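Letters A, B, ... mirror the listed sequences (proteins, then strands); counts begin at 1. All of these numbers come straight from a predicted model, not from anything done at the bench. Computed over heavy atoms, backbone and side chain alike; hydrogens, waters and symmetry mates excluded.
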2 protein chains.
Amino acid sequence: MTEPLPPFPVPGEHDPSQDPDGLLDLFPASGVTGITGITGITGEQPRLRADAARNRTRLLEVAARLAEECGAAKLTMEGVASAAQVGKGTVFRRFGDRTGLLLALLDHHERELQAAFLSGPPPLGPDAPPADRLRAFGTAVLRHEHAHRDLYLAAARAAARADAVRRHASPPTLLRLSHLGMLLRRAGVRGDVELLAQTLLGSLDITLVDHLVTRRGMTLERLEAGWNDLVGRVAGPQG
Amino acid sequence: MTEPLPPFPVPGEHDPSQDPDGLLDLFPASGVTGITGITGITGEQPRLRADAARNRTRLLEVAARLAEECGAAKLTMEGVASAAQVGKGTVFRRFGDRTGLLLALLDHHERELQAAFLSGPPPLGPDAPPADRLRAFGTAVLRHEHAHRDLYLAAARAAARADAVRRHASPPTLLRLSHLGMLLRRAGVRGDVELLAQTLLGSLDITLVDHLVTRRGMTLERLEAGWNDLVGRVAGPQG
DNA sequence: CGGCCAACCGGACCGGGGTCCGTTTCCCTG
DNA sequence: CAGGGAAACGGACCCCGGTCCGGTTGGCCG
């Protein structure tokens with residue numbers, strides 16, 4: 001599943017049709033996306049041996065099926081391993097840890113969202129004024145993560161237990177941060193844009209959103225309105 | 001450790017010297033603070049048997065010492081149990097889970113902070129205009145959690161793995177949210193105050209702050225300035 | 001004082017994440 | 001095609017959080 005790779009631009013040569021905002025230049029060729037299975041932005045990994053590649057896709061298929069059937073929260077490494085008829089060690093070798101597996105499962109969805117705000121139609125994509133894109137970005141993220149909340153939630157929880165790096169500095173997060181920062185700057189916002197981006201992105205945090213929706217009974221519409229209001233206050237009047 | 005209980009007002013009768021903002025009325029007598037060991041706001045728990053109480057304090061002492069020596073991250077339930085010469089089951093019976101133990105260890109610190117913004121001197125306490133208190137609140141939380149970040153971080157991570165309730169709806173968090181909401185309203189902010197409070201509090205999240213400081217090299221001063229800027233944008237010009 | 005029961009205690013047990021290392025497989029090179 | 005070494009495999013193993021239940025103890029009541 002989710003293996004076919006839509007060609008992503010290689011940093012260095014700038015393809016305006018795919019990356020009109022020049023955002024991808026922020027990501028050095030190797031680093032950032034090196035986490036197992038996340039090749040959504042730049043290059044590939046070193047190339048797997050045939051059996052390894054075969055196992056990898058089989059593991060992803062099995063994992064996706066199990067997640068579908070029992071919920072991502074109940075996905076266990078051992079369960080995936082035995083269902084795929086491989087040893088537990090193989091799963092860990094391939095994905096590093098449970099977080100890595102979940103992130104790999106999210107890879108496909110993540111690319112969809114990325115494509116939408118990197119090169120999709122307005123108001124999310126490049127052909128719209130930054131303030132509009134800012135608003136659209138929030139609602140897009142809210143809806144996207146809500147649509148796939150099982151996986152996103154499981155991944156967030158798994159990442160939280162370990163180092164915060166996986167949670168606050170995963171490639172998708174970094175890309176979103178850069179994107180937000182770019183939009184804020186273009187919208188004429190002055191001040192500590194980097195920090196502002198962090199704050200804004202924090203308000204879209206899946207665990208928070210889920211809590212507000214599930215436990216506090218807030219509707220997605222209310223959260224979207226809240227985002228628009230927030231953007232208005234932050235990027236609105238004075239800049 | 002941390003057992004002596006500074007008398008907290010009982011909801012129903014309103015003691016303006018301790019709760020000038022009337023915030024505590026939001027918390028029903030029993031519920032909210034019922035988590036083991038967190039008696040920081042309202043009443044006590046049902047009263048423990050003598051041996052249980054003895055064990056409880058001993059466990060807290062031992063846990064505090066171990067956390068001091070090896071870092072809260074390395075605190076294990078079994079380690080605490082054996083160091084305190086009791087069975088593992090006893091620790092779980094008393095504190096529910098690891099999160100509960102860590103929260104109990106934080107109880108004392110948490111009361112200090114609460115006292116400061118509930119009834120302390122200005123600009124944090126009641127004798128200051130809401131906008132000033134808003135600013136002071138952020139910097140106070142930032143400094144407070146940073147000062148005790150080992151424990152706060154460990155607690156946050158432990159809470160994250162389980163239900164998000166412990167993370168987004170623990171008694172301390174609820175109190176902070178109410179406080180922020182109250183201040184925002186008094187500062188004349190219109191709109192979805194509850195959601196705004198969530199967003200603002202989110203920007204002070206210990207795991208995020210720690211990541212920004214540790215990994216991204218931001219200084220606490222920068223974060224404090226960011227908070228002040230954010231408050232200005234949110235509560236500043238129009239309301 | 002004695003008995004009774006709820007509360008408490010302890011530690012065996014389980015499940016799941018993560019590690020390790022001896023064995024097997026692939027693939028490149030000669 | 002054969003050989004060798006790097007990569008991958010598998011599953012036993014460890015650790016830790018959390019559960020369970022048979023045995024014990026404290027404190028109240030008759």
Would you say the side-chain atoms of B:R98 pair up with the backbone N or O of B:L75, donor to acceptor, closer than 3.5 Å?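 Yes.
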Please check: side-chain N/O of B:S119 versus main-chain N/O of B:A115, any donor-acceptor pairing under 3.5 Å?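 Looks like yes, one N/O pair under 3.5 Å.
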Does A:E69 come within less than 4.0 Å of A:R65, counting only side-chain N to carboxylate O?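 A:R65 and A:E69: salt-bridged.
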Within the 4.5 Å heavy-atom criterion, are B:V193 and B:L180 side-chain neighbours or not?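 Of all side-chain heavy-atom pairs linking B:L180 with B:V193, none is under 4.5 Å.
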Heavy atoms, side chains only, cut-off 4.5 Å: are A:M77 and A:D97 in contact?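 No, too far: nothing below the 4.5 Å cut-off.
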Please list, in numerical order, the residues of residues 74-86 of chain A that have a heavy atom closer than 4.0 Å to any atom of DNA chain C.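 Only A:L75, A:T76, A:M77 qualify.
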What's the [atom1]-[atom2] distance between [X] and [N], to the nearest Å?
X: A:R58; N: D:dC9; atom1: CZ; atom2: P; answer: 10 Å
X: A:R98; N: C:dG16; atom1: CZ; atom2: C1'; answer: 9 Å
X: B:D97; N: D:dT19; atom1: CG; atom2: C1'; answer: 13 Å
X: A:F92; N: C:dC20; atom1: CZ; atom2: P; answer: 13 Å
X: A:R166; N: C:dG17; atom1: CZ; atom2: C1'; answer: 14 Å
X: B:R161; N: C:dG16; atom1: CZ; atom2: P; answer: 12 Å
X: B:L101; N: D:dG18; atom1: CG; atom2: P; answer: 11 Å

Considering only D:dG18, D:dA12, D:dA8, which nucleotide approaches the side chain of A:A52 most closely?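 That would be D:dA8.
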Once side chain to side chain donor-acceptor pair (under 3.5 Å) is applied, what residue pairs with a partner in residues 196-208 of chain B remain, sequence neighbours excluded?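 As it turns out, the side chain to side chain donor-acceptor pair (under 3.5 Å) pairs with a partner in residues 196-208 of chain B, which skip direct neighbours, are A:H168-B:T207, B:R167-B:D205, B:D205-B:T207.
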OP1 or OP2 of [N] under 4.0 Å from side-chain N/O of [X]:
X: A:N55; N: D:dA8; result: no
X: B:R56; N: C:dC8; result: no
X: A:R94; N: D:dA8; result: yes

Side chain to side chain contact (heavy atoms under 4.5 Å, CB included) with B:F95: which of B:T90, B:L105, B:L103, B:L60?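 Looking at B:T90, B:L105, B:L103, B:L60, the match for B:F95 under the side chain to side chain contact (heavy atoms under 4.5 Å, CB included) is B:L60.
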Under 3.5 Å donor-acceptor pairs involving side-chain atoms of residues 145-161 of chain B, not counting sequence neighbours:
| unit_1 | atom_1 | unit_2 | atom_2 | d |
| --- | --- | --- | --- | --- |
| B:E145 | OE2 | B:R176 | NH1 | 2.6 |
| B:E145 | OE2 | B:R176 | NH2 | 3.2 |
| B:R149 | NE | B:H146 | O | 3.1 |
| B:Y152 | OH | B:E110 | OE1 | 2.5 |
| B:Y152 | OH | B:H144 | NE2 | 2.9 |

Could you run through nucleotides 20-30 of chain D and give me one letter per nucleotide, 5' to 3': B if any protein heavy atom sits under 4.0 Å from the base, S if only the sugar-phosphate is that close, - if neither? -----BSS---
For A:W227 versus A:T139, what's the shortest heavy-atom pair and its separation?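 Taking A:W227 first and A:T139 second, the nearest heavy atoms are CD1-N, 4.3 Å.
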Exercise: identify the closest heavy-atom pair between A:R94 and A:A52: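 Taking A:R94 first and A:A52 second, the nearest heavy atoms are NH1-CB, 3.1 Å.
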Side-chain atoms of residues 216-223 of chain A: list all donor-acceptor pairs with protein atoms under 3.5 Å, sequence neighbours left out, distances to 0.1 Å.
| unit_1 | atom_1 | unit_2 | atom_2 | d |
| --- | --- | --- | --- | --- |
| A:R216 | NH2 | B:E194 | OE2 | 2.7 |
| A:T219 | OG1 | A:R222 | N | 3.1 |
| A:R222 | NE | B:D192 | OD2 | 2.7 |
| A:R222 | NH2 | B:D192 | OD1 | 2.9 |
| A:R222 | NH2 | B:D192 | OD2 | 3.4 |
| A:R222 | NH2 | B:E194 | OE1 | 3.3 |

Pairs: protein N or O with nucleotides 1-3 of chain D N or O, under 3.5 Å:
none

